[in-house]
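What follows is a set of notes on a single structure, which appears directly below.
Note that the structure is a prediction, hence the values are computed from the model and not measured. Keep in mind that the numbers below use all heavy atoms, side chains included, and drop hydrogens, waters and symmetry copies.
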Amino acid sequence: MIAATLSVGFLPLVDAAPLIVAHEMGFAAEESIAIDLRRAPSWSSVRDMLSFGRVEAAHMLSPVPVAAALGLGGTGTPLSAVSVLSVNGDAIGVSNELAARMRAGGHDFAFNDARAAGAALIAHAARPLRLGVPFPFSMHAELLYYWLSALGMPAPQSVDIRTVPPSLMAEALEAGEIDAFCVGEPWGSMAVENGVGTLLLPGNAIWRFAPEKVLAVRSDWADAEPELMGRLIRAVWRAGRWLAEPGSPMLAAELLSRPEYLDLPSEILDRALTGRLVISAQGEERTVPGFVEFHHNSATFPWRSQAEWIGMQLAARTGLDRTSAARAARAVFRSDIYRQALTPTRAELPAASAKMEGALSEPTAVASVSGRMSLGPDSFFDGRIFEPSQI
């Protein structure tokens, strides 16, 4: 028996898969809820749908609820990230003209070396470098700022960040409005398919375990409807676990390809789900382990330290007080709600709610609620470690 129908906003991206799978494969029904998926054209639309109560939950860029808590670009409605939906899944691409200059300069497009790729980009790009991102407050933007600044290309002096909806990124590249982009799949692959771009780097070459999308709700709704909130979190968690099974990508790609979701060929969507990407119109292929992750290594756990990293990055480039920003950001990733929701399951939950970000270069055993569990590598390309101010 269905207890309630929950409306959920989403953008047509591969990392909306846990919500789509929860609906299509019956995981929501197992929790006695129905999910009414509502497709939106842009991230500002999704944010406004949630903030103004037109949906109960949303597939959301991980920095958006943090930005709202800091008073940046929001509607004033407090938002909470109650689960991470996906880790990684972004691709950085360049125009074919820029790619040709980089190849002529000796870059091999190996697709796994952020330092070499960044140095080649800086050496051969015009100034300012025009970069397309789907939203000003996004992991795409934060990864680019972090990457290029670490390599000595300060923003905004040398970088012009432009907002382009994901589905229009290839068109903007073809029109000459941007030189490069960072976008979630499949829209990087579509630039390759359309013959207008070349993929330079996966996002996980910059930060190996970046929280890309979150399940976001209005904070007042989460407090008012804890039972429904728990059912939704569990349904999405089970969908992510299914997506992590070896035989799931092919069926998942077929589901996502349907007209009401991404409306694209399943073979394009399969690239991100398997990590086997075509990076150029010449058919060059690269394999990226962990290109997008929905379950393994506690991928869906909303670490408060990840929120704090986002808050500190936003504060650094907007002139806000960093201590206040860190405090506000920590409160947005609701590990308390996530724990409560998953207690009835067999999910292995970390004992802590925050950790040092970037400290793990290999799988590492950590304390869990029931004993020991393993976390995967989460290093930054430049070796820096972010230590949260409060653990």
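- You'll find the side chain of Pro165 stays beyond 4.5 Å of the side chain of Pro134, heavy atoms only.
- Considering Glu387, Glu357, Arg330 as possible partners of Ser305, the one that fulfils the side-chain hydrogen bond (donor to acceptor under 3.5 Å, both in side chains) test is Glu357.
- Atom CZ of Arg276 has 12 or fewer heavy atoms from other residues, nucleotides or ligands within 6.0 Å.
- The two residues Pro211 and Met139 come nearest to each other via the heavy atoms O-CE, 3.4 Å.
- A 4.5 Å side-chain heavy-atom check between Val217 and Glu56 finds every atom pair outside the cut-off.
- You'll find the side chain of Phe291 stays beyond 4.5 Å of the side chain of Arg271, heavy atoms only.
- Here the straight-line distance linking atom CG of Leu269 with atom OG of Ser189 works out to 9.0 Å at 0.5 Å rounding.
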Verdict with reasoning, Val84 to Val214, per side chain to side chain contact (heavy atoms under 4.5 Å, CB included): CA-CA 4 Å; Val84 172; Val214 295; 4.3 Å; yes

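- Taking 4.5 Å as the limit, every side-chain heavy atom of Val87 sits out of range of all side-chain heavy atoms of His296.
- The shortest side-chain heavy-atom distance between Leu173 and Val164 does not fall under the 4.5 Å cut-off.
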Steps toward side-chain hydrogen bond (donor to acceptor under 3.5 Å, both in side chains) verdict (Ser80, Ser219): CA-CA 5 Å; Ser80 293; Ser219 299; 2.7 Å; yes

Working for side chain to side chain contact (heavy atoms under 4.5 Å, CB included), residues Leu148 and Ile122: CA-CA 8 Å; Leu148 295 175; Ile122 291 170; 4.3 Å; yes

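- Here the side chain of Arg47 pairs no donor or acceptor atom with the backbone of Pro65 at under 3.5 angstrom.
- In terms of heavy atoms, Gly230 sits closest to Ala341 at CA-CB, 3.7 Å.
- Of all heavy-atom pairs spanning Val183 and Gly188, the tightest one is CG1-N, 3.5 Å.
- Residues Val8 and Val55 fail the side-chain proximity criterion, which asks for heavy atoms closer than 4.5 Å.
- The closest donor-acceptor contact from the side chain of Asn194 to the backbone of Met190 lies under 3.5 Å.
- Between the side chain of Ser368 and the backbone N or O of Val366, no donor-acceptor pair lies under 3.5 Å.
- Between the Asp113 side chain and the Arg115 main chain, a donor and an acceptor come within less than 3.5 Å of each other.
- Of the residues Trp237, Trp303, Phe301, the one that meets the ring pair (Phe, Tyr, Trp, His ring centres under 6.0 Å) test with Tyr338 is Phe301.
- In this structure, Arg334 pairs ionically with Asp336, as a charged nitrogen and a carboxylate oxygen lie closer than 4.0 Å.
- Evaluation of the side chain to side chain donor-acceptor pair (under 3.5 Å) rule for Glu227 yields Arg231 as partners, not counting sequence neighbours.
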Criterion side chain to side chain contact (heavy atoms under 4.5 Å, CB included) on Phe209 and Leu375, from CA distance to verdict: CA-CA 10 Å; Phe209 212 71; Leu375 296 180; over 6 Å; no

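- Taken from CD in Glu171 to CD1 in Ile178, the straight-line distance is 11.0 Å, to the nearest 0.5 Å.
- For Thr343 (side chain) and Arg339 (main-chain N/O), a donor-acceptor pair under 3.5 Å exists by modelled atom type.
- The two atoms that bring Val94 and Ala180 nearest to each other are CG1-CB, 3.9 Å, heavy atoms only.
- In this structure, the side-chain contact (heavy atoms from CB on, under 4.5 Å) partners of Ala67, at least two apart in sequence or on a different chain, are Leu72, Phe137, Leu314.
- Side-chain contact check for Leu199 versus Phe109: every heavy-atom pair is 4.5 Å or farther apart.
- Remark: Phe181 CZ to Leu144 CG distance equals 11.0 Å, nearest 0.5 Å.
- Using modelled atom types, no side-chain atom of Asn88 and backbone atom of Glu293 make a donor-acceptor pair closer than 3.5 Å.
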Check against side chain to side chain contact (heavy atoms under 4.5 Å, CB included), Thr300 and His295: CA-CA 6 Å; Thr300 58; His295 180 71; 5.6 Å; no

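- Between the Trp147 side chain and the Ala114 main chain, a donor and an acceptor come within less than 3.5 Å of each other.
- Around CD of Glu225, the count of heavy atoms belonging to other residues, nucleotides or ligands within 6.0 Å exceeds 12.
- Within 6.0 Å of the CD atom in Glu193, the count of heavy atoms belonging to other residues, nucleotides or ligands exceeds 12.
- The side-chain heavy atoms of Leu6 and Trp221, taken from C-beta on, include a pair separated by under 4.5 Å.
- Residue pairs meeting the salt bridge (Lys or Arg N to Asp or Glu O under 4.0 Å) criterion with at least one partner in residues 178-190, sequence neighbours excluded, are Arg130-Asp179.
- Nearest heavy atom pair, residue Thr274 against residue Pro249, reads CG2-CB, 3.9 Å.
- Residues satisfying the side chain to side chain donor-acceptor pair (under 3.5 Å) test with Ser335, not counting sequence neighbours, are Arg304, Ser353.
- No option in Arg39, Glu260, His59 other than Arg39 meets the side-chain contact (heavy atoms from CB on, under 4.5 Å) test with Pro12.
- In this structure a side-chain-to-backbone donor-acceptor pair under 3.5 Å is present from Ser138 to Phe135.
- For the atom pair CG (Leu273) and CG (Leu243), the distance works out to 7.0 Å, reported to the nearest 0.5 Å.
- Proximity of a side-chain donor or acceptor of Ser51 to a complementary backbone N or O of Asp48 within less than 3.5 Å is not detected.
- The line from CD1 of Ile385 to NZ of Lys355 is 11.0 Å long, rounded to the nearest 0.5 Å.
- For the atom pair OH of Tyr146 and CG of Leu151, the computed distance is 10.0 Å after rounding to the nearest 0.5 Å.
- Among residues at least two apart or in separate chains, side-chain hydrogen bond (donor to acceptor under 3.5 Å, both in side chains) pairs with a member in residues 202-215 are Asp15-Lys213, His140-Glu212.
- For the pair Val196 and Ala170, the tightest heavy-atom approach, listed with the atom from each and the gap, is CG2-O, 3.7 Å.
- Contacts classified as side-chain hydrogen bond (donor to acceptor under 3.5 Å, both in side chains) and involving residues 19-37 (residues at least two apart or in different chains) are given here: Glu24-Arg258, Glu24-Tyr261, Glu31-Arg234, Glu31-Arg238, Asp36-Arg38.
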